[in-house]
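Order of listing sets the numbers, starting from 1, for every ligand and every atom in it. Remember, predicted model here, so these are calculated numbers, not experimental data.
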Amino acid sequence: MTPTLDHEPWSLDAAEIEKLDKQYVWHPFTQMAEWEADSFEPLILTEASGARLKDIHGREYIDGNASIWTNVHGHNHPRINAAIRDQLQRVAHTSFLGSTHPAAPVLARELVRRAPGQGLTRVFFSDNGSTANEVALRMALQYRQLRGEAERQQFVAFESAYHGDTVGAANLSGIDLFNDRIRGPFPAVRRVASIDELRDLGSDFAGTVNAAIIEPLVRGPAGIRPWPAGMLRELADWSQQNGVLLILDEVMTGFGRTGTMFACEQEGVTPDFLNLAKGITGGYLPLAATLTTDKIYEAFLGDRNKTLYYGHSYTANPLGCAAALASLAIFDEEHVLESLPPKIKALAASLGQLTGLPNVAEVRQCGLASGIELRGLSEPGRRLAGASRLGAAVCDAAREFGLLTRPIGNTVVLLFPLCISEDEIRTACQAVEQASLLF
Ligand SMILES: *Cc1c(COP(=O)(O)O)cnc(C)c1O
């Protein structure tokens, strides 16, 4: 007997949802023993509009991390909603293996048109940021094989970089907490801290490098840590001089997050691979794209054994492509990039006010992405002595002041949807201030 679905999700109350969740679900990056504890009440989000989220009890929050860095133009945007509905009325998903559909090639053209420089001419679709990077990795590996450059096996990656959770992408990452357990010999990765360190490795080393990968301008998951100005340009020059491919992971930085459409524009850099995900659909649906050049693409042309044997069941999902096209249209119609400078300034001003607070060690900003690094105070009478878990405690407390976000270690991340208002930016920063003063 097949059990029938005995609950419409929307007929459940908070207690019923919590019970089912604790019984059946395993959450990402989560110690489930803590989640399952009776005392833990999961946040149940049920609605959202613009930069605001609502939970099942009707409480409102500013979406302070753009729903894990995905949302761009706000939730429930009529333009994206309509685009998805239009596509849905025709078909939700068709295979991209052996067939195509209208939205994907149009989206590919639009991405190529907006990509930095003239060189990024081909788009390979996948599902998420990890796969966007995985695709570039696979292309780079096979490209060297096809060219008979067997000596170029290694990848250069940066310390405290994050490139995703699939095994290949995780091996390129340098955040031990996340990938300690799967670190393997493949692909071979040389991790460096700076361009100087890279240069010091010399030209013999450079001749063994396949590609260098970096999050341009700012490392996101390391706690919103901007690179020194000019560093990306120097890496691009080093790569060019040494015949090394340049892979840019713009999974977080893409689609206006740093103030320009793509972060690499700010240093006039055009990579061999531009990897996009998170914001590509405006934060609606899982979709990713890896853009590359004619040089890479053409190396794969010829007989069947030159084929890139890679793809996923939902590659170029039509609903995702429709959402992505609508999101790009909104950039034009609502002059989104032009609207950013005053917001970025407002964020800088509000962050400046946080700088002097007793619990704040440092604030960091790149465009509308920011990190507020906390330090624990150990004087008597403090609710939370030392630094441990202060970030989580402050984020929890900030919910009471109408802000929802997550910490990375002891850094509170504020990374806003681009539609956020200056007032909402100030309110969010005040919520962090008020919350931090409790500890
Ligand atoms: C989020 C992120 C990824 C991984 O993307 P997923 O969609 O979570 O797989 C990769 N790189 C960067 C810089 C990211 O911020």
How about His312 and Phe96: are their ring centroids closer than 6.0 Å?
-> no
Parallel under 30°, tilted from 30 to 60°, perpendicular over 60°: which one fits the rings of Trp35 and Phe40?
-> tilted
Okay, side chain of Lys278, backbone of Gly283: is any donor-acceptor separation there less than 3.5 Å?
-> no
Answer with yes or no after comparing the ring centroid distance for Tyr143 and Phe300 against a 6.0 Å cut-off, counting only values under it.
-> no
Is Lys278 in polar range of ligand 1, meaning some N or O pair under 3.5 Å apart?
-> yes
Protein contact of atom 11 (N) of ligand 1 - nearest heavy atom, named by residue and atom, plus distance = Asp249 OD2, 2.7 Å
With Thr208, which of Gln153, Gln154, Arg152 fulfils side-chain hydrogen bond (donor to acceptor under 3.5 Å, both in side chains)?
-> Gln154
Residues forming a side-chain hydrogen bond (donor to acceptor under 3.5 Å, both in side chains) with Asn210, sequence neighbours excluded | Arg144
Which protein heavy atom lies closest to atom 6 (P) of ligand 1, and at what distance to 0.1 Å?
-> Gly129 N, 3.4 Å
Atom 9 (O) of ligand 1 - nearest protein heavy atom and its distance | Ser130 OG, 2.6 Å
Per-residue contact class, Tyr162 against ligand 1 - non-hydrogen pairs under 4.0 Å | both
Determine, stepwise, if the pair Phe439 / Leu374 fulfils side-chain contact (heavy atoms from CB on, under 4.5 Å).
-> CA-CA 11 Å; Phe439 297 92; Leu374 304 171; over 6 Å; no
Within 4.0 Å of some non-hydrogen atom of His163, the atoms of ligand 1 are 10 (C), 11 (N)
Is Asn133 touching ligand 1 with its side chain, its backbone, both, or neither, if touching means heavy atoms under 4.0 Å apart?
-> side chain
Please say whether Glu215 places an N or O atom under 3.5 Å from an N or O atom belonging to ligand 1.
-> no
With heavy atoms under 4.0 Å as the rule, classify the contact between Asn128 and ligand 1 as side chain, backbone, both or neither.
-> both
